[in-house]
Amino acid sequence: MRNSKKTMAWSMILSTVLLSTGCGSGTNSPNPTEKPLGSANPAESAAPAVSSQPQGSKLTGDFEVQYFVGGYGDVWWKQVIAEFQKQNPDLKIKESAGAKINDQMKPRWLQGNPPDFVYIDGAGSNTRQMVTDDQLMDITDWLKEAKNVDGKKIADLLIAQPEEYKPGKSYAIPLVFGSWGTFYDKALFKSKGWQAPADFESFLALGDKIKAEGSMSPYIHTGVYPYYINGGLLDPTIIAMNNYDTSIFKRINSLEKGIWKSEPVMKALAKIVEMRDKGFIDKGSPALNHTDSQSQWLQHKAAFIPTGIWVESEMAKDVPAGFEFGFLPSIGQDKGGKYVANPYTATVAIAKKAKNPEAAKAFIQYIFTEKQSKAWAELSKAPSNIKADLEGTNAPALTKEAAKFYNSPNTVVAPEIVIPEELVTARNNATVALTKGEITPQQWADRMEEATEKIRSKEKK
């Protein structure tokens, strides 16, 4: 569901959750394969009317919202936009949406005629790249004191804080907290008398038992889209091997020299190799995409799968009767260690060249509330990045279970890895080669350092 996310899940992806993310288009976001439920005309170049209204006053003029429609659907978006329109009847709101909206809108972004507000998710979108390309508004100072329509500081309500793509600067706010993780069928485990593993040691012990039965493989992953195993297994294990110090992801995001050869990364890679050499990873994994591998997992051809919290919604039509989704934020931690939730976050932002930035800010203040968090969970079947008690809501059981992990003192919530697309591709390719036994962890790290150095060299020019 996430693409490299898609892009990156849960990243994520996306996390978050965050997670992934349909997949496979090279960004870190889930599910870019859904049928478009809206459209945009890339050729439309007439500039919307500029609003000169000061913040807090009556909103007028044109206001354009761009959002990707993927695994989370568009029901929440249509509902919240309709509510916002009702609150601001003099505002003329245009929705530019669909599964291919990122590609459709790209020409307008490049021409300097973007929408006012953008939800960054799905194929063809990458928050870091948009910051690098100077397309998003610097909202650092505004966000420090911004309050939602309930009078609560938005920053205080966030599970995952905005990523600093530039030191000390905020350009986008995570709206969705998808989370990567490892999933299993609770009903199957109950019937077999299996206990969900709390650490890598118990995972290996259970894997030996599953393999001995011979009816299924212990673990399957989406080799075609390896950001699933990166997000669901490798990344949280890196944090655990770094003594739960999440700053290592900041070092990865900053493209620090030598980071891919650091001890925590090498220890995490060694655990993947141990799973591989024990024959735990389904041999078909490298040739499968995310929905194929998830289908096989649902059919009990594998006991565990790394994917994102969106999986229940994405595979709704294929879930067998009696299947009960179980979720573990991580399995790579040592005995007695904490869980690590690796988010996939999908962000929202205001275009630097927005024609109606005040309406965009007001919209952010409207959607970042506990009410909308609960609505998102119910309608999108995944957690939002806004803290809220989901008990008593109609959110899916899996979403509620994941939310409990996020709020537990025994869970460390990691920041999201957000690296350039070239590096995402290099990491995906290296991880597939590692799971197939074609390279060693050292060679994986060599590949990553070489790819990272090329990007650092480009950025210096």
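All figures in this text were calculated on a predicted structure; none of them were measured in a lab. Just so it is clear, the values below take in all heavy atoms, side chains as well, and ignore hydrogens, waters and symmetry mates.
- For the pair S170 (side chain) and P162 (backbone), a donor-acceptor distance under 3.5 Å is absent.
- E370 and K152 are joined by a salt bridge, as a carboxylate oxygen and a charged side-chain nitrogen come within less than 4.0 angstrom of each other.
- Residues satisfying the side chain to side chain contact (heavy atoms under 4.5 Å, CB included) test with N394, not counting sequence neighbours, are E378.
- In Q195, the CD atom is not crowded: 12 or fewer heavy atoms of neighbouring residues, nucleotides or ligands sit closer than 6.0 Å.
- Ion pair D90/K58 flagged as a salt bridge, since at least one NZ, NE, NH1 or NH2 atom sits closer than 4.0 Å to an Asp/Glu carboxylate oxygen.
- Side-chain N or O atoms of D121 include none that pairs as donor or acceptor with a backbone N or O of F68 at under 3.5 Å.
- Between F405 and Y339, the gap from one ring centroid to the other is short of 6.0 Å.
- Checking M137, K166, Q135 one by one against Y171, the side-chain contact (heavy atoms from CB on, under 4.5 Å) holds for a single residue, K166.
- Of the listed residues (Y219, F203, W297), just one forms a ring pair (Phe, Tyr, Trp, His ring centres under 6.0 Å) with F304, and that residue is F203.
- Here K92 does not pair with E64 in a salt bridge; the nearest charged N to carboxylate O distance is not below 4.0 Å.
- Sorted by first and then second residue, the side-chain hydrogen bond (donor to acceptor under 3.5 Å, both in side chains) pairs with a member in residues 238-247 read D245-S247; sequence neighbours excluded.
- A distance-only check finds a donor-acceptor pair linking the side chain of Q85 to the backbone of N88 [under 3.5 Å].
- Salt bridge status for E422 with R427: absent, with no side-chain N to carboxylate O gap under 4.0 Å.
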Report task. Evaluate the ring pair (Phe, Tyr, Trp, His ring centres under 6.0 Å) criterion for residues F327 and F325: first the C-alpha distance (whole Å), next the side-chain angles of each, then the deciding distance (0.1 Å), finally the verdict. Result -> CA-CA 7 Å; F327 166 74; F325 287 88; over 10 Å; no
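- In summary, of the residues considered (F117, W77, Y119), a ring pair (Phe, Tyr, Trp, His ring centres under 6.0 Å) with Y67 occurs for W77 alone.
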